[in-house]
Amino acid sequence: MSDVKLAKDPYNVIITGVGGQGNVLVARLLGGMLAKKGFLVAIGETFGASQRGGSVMSHLRISRLAVASPQIPRGRADVIVSLEPAEALRVLALYGNPGTMLLTNSHPIYPVGVIKGELVYPPVAEMEAAITQILPTAYFIDATARALALGNSILVNIVMLGALGRLNVVPFNREDFQEAIALRLATGQLAINLKAFDEGYGMV
Amino acid sequence: MSYLIDEGKNASHLLMGNEAIVRGALEAGINVAAGYPGTPSSEIIECFSQVAKERNLYVEWSTNEKVAVEVAAAASFAGLRSLCVMKQNGVNVASDFLLHLASSGTRGGMILVTCDDPGALSSVNEGESRLFAQLLEIPLLEPGDFQEAKDIIPWAFDLSEKIRNIVMVRSVTRLSHASGNVHFGPLPTRVAKAEFRNSGPLLDPETGPMIAMIVGAPEAQHGPQQEKMKRAAEIFETCPFNTYTGPATPELLIITSSACSLYSQEAVSILGLGERVGILKLATTWPLPQRLLKKHLAATPKILFVEEVAPTLEDHVKVVAAESGAEIGVKTFFGKKSGHLPSLGELNPDLVLMALSRIFAVPYEGAPADFSAAVKALAARYAPPRGMTFCPGCPHRASYWSINNALKLDGRGGFVCGDIGCYVMGTMAAGFNTCKTLHAMGSGSGIASGFGKLKQFGVDQPVLSVCGDSTFFHAAMPALANAIHQRSPFTMLLMDNRGTAMTGFQPHPGSPTNVLGEATPALDMEKICRAMGAKVEVSDPFDLEKTRQKLNHLMEYADGAKVLILRRACALSPERRGKKEYEVTVDESRCRGEDCGCNRICTRIFGCPGLIWDGEKKVSRIDEIICVGCGVCADICPAGAILRKEVA
């Protein structure tokens, strides 16, 4: 697969979400697939205390030339994949530019301040309308609903990875995913994860 | 089989910095590894444990960092290669032994790996372990990327054996918890045979006893220790991990180390300054290679130091520049002291970009300013901030709930001294702002022991401390012993959630299994506290009323230390994860919402993420996806609107 071209070098992908959604797994799966194809990959992760209901973000940098720094400079994300809509916006504000492609789950996870009724989480449809006004390439999909339909909300991350596969900007495909997930999960879980990937693939 | 012991020719894997360190140690033929968990260092011992059988390693999670270094030192004394690992504040804990070890020296190669956390991403400090190398007079190495994180470890073991002293290797969060491609080298096949030789003459480095220092005779061991540092400095002059990229006579020289070297490379590349700026990446940051530095300083008029937190390189290199001023001339320095980079928080490519943009007067913006401003405005409107909170079903939320109620009912103005673990959130709204002090491991109980003795000065309210099960063994036992012996009437709340939960359920001396999952004697905290002389009660924190009663009862005893063990496994623990005890629902007809008089106690104050205030219906409801079915909230609703049904 050495003929695969990157639109830019390094190509910068951010995977974000809320602690517990499995975005670190997505970044590692993706990184593993790309390293296997011969790319130089750097992944920077922010987790730790942020596991406890906070934001979690992984920076993935893909290159043919050199291992890049594990932090993407501000304004230089080429793709942002978010498992939660408010996190998508937060990351876009720091790392986005008008050419950034945004792919986000539209199902919110309420911050504790919203749960308590101290803060308001405005309707996601409003957010979507506002973002699409200033960002030409933005996709909102209800990956949570799809994951729940498959029987488990934990599959949200894999649904989103499938959707990213369909966008055809990061050089990986279903076979790469199948190989990568087989290394990480027990055999019994493979079929449902592949199904989740396929469902996501069909959503954009 | 773990990919960490892949023996394939030309094998290459995407590794976390921590995994790269482990692979490097395996390639160096490590025999013994010990550590205490702490983000961002914890994966190192876990990775060793995964390959312990195949590689004939002895691996342990030690009771605390000082013990970990002592365990690793024993291996070194017996001629084996050993590694001890901890996060930055662990080095403080271990430093007393380290100071003495640095004086006695080592035999088999020995490495101290410390993983610092600039920016305090998962710490309550951003302490600098680098300065310990200077204080302890031991060599310090800092890998600059993932490949180097592996390659530098065998080099460090060789150095340790050459100078017969411990070598410190420092990583940071952005290396330890970041990943990159790493090419593997061969794994050795030698079989380790250990022997502690101790019958030779006192100062014989091969066969004598291992003793820190002869009282009143620093020249006997401190002298040789300083000679070792001189040898290390000499070796560092040609260290292959000190690299320079850039023109022969740059307009500006960046001197940097660790992850900051990657930020520097990126910033220079983005600004197109490759022909004007040179980057000297140092892996040997103490002692500094003087001649190498002089050569590079002589070739440039301006120097920018790119490093995190304390101006350590900056200060040390300025000394070299001052000492060689006659040869290299007067220089202009940029860094923390000049205000071009901050002396707190972690760095990133943007901060280096801004510093360079200022020095060279080249404008830079990451994204068009109008776009960034527009998205930031949207984020302010549509992305409410995400505060930290306890997980749904966390025993700590229930514990703090009962502690608060007990303190209120007691009515004497009692307060709680906090400690290190997930329960640090006892200082925040998530833990009802219960904890009024927060410092180091075990310190809550030591401080509480002190507060308990201030009655003669007028501090006579009840004093409580919180302490986790791993923290109890790590550092709180001496504080409890002190309180009992001094008759300090404080109450320790031992929050036993069955493992070192915050860092990923590592076992501790109270656990029934060790790092390899083998059965091991579990020390009984209840019996220990009783044997020490404390009055002890045990409660399930999910039983709010009994817990509150037991605590109030204990607080009434005026004499001596009391311990209430709050025992319930962490919600994320393997034994509880994915298992719902109750199906929880809100009976909307019974929830009276704003009119209840409870002031929305369940959602507004208890604040479990599984409970949501429904702004439209004006009632509370359960978030089915988030709720883990602990059922505790059913006991806090005064209207009995929250119902729980046992899951069959």
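Here is the naming used below: chain letters follow the sequence lines, and residue numbers restart at 1 for every chain.
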Item to check | Selection from B/Pro349, B/Gly615, B/Gly180 maximising heavy-atom pairs under 4.5 Å formed with chain A | outcome: B/Pro349
Checklist outcome for this item: chain B shares the most heavy-atom pairs under 4.5 Å, among A/Val41, A/Leu183, A/Ile131, with A/Val41
Checklist entry - Is it the backbone or the side chain of B/Ala373 that comes under 4.5 Å from a heavy atom of chain A, or both, or neither? => result neither
Item to check | Test ring-ring contact (aromatic ring centres under 6.0 Å, His included) applied to B/Tyr382 - qualifying residues, sequence neighbours left out | outcome: none
Item to check | Heavy-atom contact with chain A under 4.5 Å, split by part of B/Cys602 | outcome: neither
Next on the checklist: I need the contact set between residues 81-106 of chain A and chain B: heavy-atom distance under 4.5 Å, sorted by residue number.
Outcome noted: A/Glu84, A/Ala86, A/Glu87, A/Leu89, A/Arg90, A/Leu92, A/Ala93, A/Leu94, A/Gly96, A/Asn97, A/Pro98
Checklist entry - Does B/Asn348 use its side chain to pair, donor to acceptor, with the backbone of A/Gln71 at less than 3.5 Å? => result no
Next on the checklist: With a 3.5 Å distance limit and no angle check, can you tell me whether B/Glu266 reaches the backbone of A/Ile72 through a side-chain donor-acceptor pair?
Outcome noted: no
Next on the checklist: A side-chain contact here means heavy atoms from C-beta on lying under 4.5 Å apart; do A/Leu119 and B/Pro385 qualify?
Outcome noted: yes
Checklist entry - Given that the side chain runs from C-beta out, which part of A/Ile109 has a heavy atom under 4.5 Å from chain B: side chain, backbone, both or neither? => result both
Item to check | A/Ile115 side, atom CD1; B/Ile626 side, atom CD1 - distance, nearest 0.5 Å | outcome: 7.0 Å
Item to check | Considering all heavy atoms, the nearest B/Met388-A/Val112 contact | outcome: O-CG1, 4.5 Å
Checklist entry - Got a sec: does the NZ of A/Lys8 have more than 12 other heavy atoms crowding it under 6.0 Å? => result yes
Next on the checklist: With heavy-atom distances below 4.5 Å as the criterion, would you say the side chains of B/Leu378 and A/Ile134 are in contact?
Outcome noted: yes
Item to check | Nearest-0.5 Å distance, CG of residue B/Leu14 to CE of residue A/Met33 | outcome: 11.5 Å
Checklist entry - Given a strict heavy-atom distance threshold of 4.5 Å, which part of B/Pro40 is in contact with chain A: side chain, backbone, both, or neither? => result neither
Item to check | Contacting region of B/Asp145 [heavy-atom separation from chain A under 4.5 Å] | outcome: neither
Item to check | Contact class of B/Leu611 relative to chain A, heavy atoms under 4.5 angstrom | outcome: backbone
Checklist entry - With a 4.5 angstrom heavy-atom cut-off, which part of B/Phe146 approaches chain A: side chain, backbone, both or neither? => result side chain
Next on the checklist: For B/Lys580, I'd like to know if atom NZ has over 12 heavy atoms of other residues, nucleotides or ligands within 6.0 Å.
Outcome noted: yes
Next on the checklist: Heavy atom to heavy atom, less than 4.5 Å: which residues from residues 144-152 of chain A reach chain B?
Outcome noted: A/Thr144, A/Leu148
Checklist outcome for this item: Interface check, chain A: of B/Glu365, B/Arg381, B/Arg174, most non-hydrogen pairs under 4.5 Å belong to B/Arg174
Item to check | Part of B/Ile270 lying under 4.5 Å from any heavy atom of chain A | outcome: side chain
Next on the checklist: Just so I understand: if I count every heavy-atom pair under 4.5 Å between each of A/His59, A/Glu118, A/Gln133, A/Glu126 and chain B, which residue has the most?
Outcome noted: A/Glu126
Checklist outcome for this item: Looking only at A/Ala130, A/Ser153, A/Pro10, most heavy-atom pairs under 4.5 Å shared with chain B are made by A/Ala130
Item to check | Under 4.5 Å from any heavy atom of chain A - which part of B/Arg600 | outcome: side chain
Checklist entry - Would you say the side-chain atoms of B/Asp350 pair up with the backbone N or O of A/Pro73, donor to acceptor, closer than 3.5 Å? => result no
Item to check | chain A contact via B/Ile601 - side chain, backbone, both or neither, heavy atoms under 4.5 Å | outcome: neither
Checklist entry - If you count heavy-atom pairs under 4.5 Å with chain A, which of B/Gly366, B/Ala178, B/Ala379, B/Ser179 comes out on top? => result B/Ser179
Next on the checklist: So which residue, A/Gly75, A/Pro70, A/Ser69, ends up with the most heavy-atom pairs under 4.5 Å with chain B?
Outcome noted: A/Ser69
Next on the checklist: Please classify the contact between B/Glu624 and chain A as side chain, backbone, both or neither, with a heavy-atom cut-off of under 4.5 Å.
Outcome noted: neither
Checklist outcome for this item: Rounded to the nearest 0.5 angstrom, the CG-NZ distance for B/Asn181 and A/Lys36 is 13.5 Å
Next on the checklist: So for A/Val120, is it side chain, backbone, both, or neither that comes closer than 4.5 Å to the heavy atoms of chain B?
Outcome noted: backbone
Checklist entry - Do you know which two heavy atoms are closest between A/Arg74 and B/Tyr364, and how far apart they sit? => result O-OH, 4.2 Å
Item to check | Contact origin within A/Val114 toward chain B - heavy atom pairs under 4.5 Å | outcome: side chain
Checklist entry - Rounded to the nearest 0.5 Å, what separation is found between the NZ atom of A/Lys116 and the CZ atom of B/Arg604? => result 8.5 Å
Checklist entry - What parts of residues 258-265 of chain B touch chain A if we use heavy atoms and a cut-off under 4.5 Å? => result B/Leu262, B/Tyr263
Item to check | Contact check, side chains of B/Gln147 and A/Val67, non-hydrogen atoms, under 4.5 Å | outcome: no
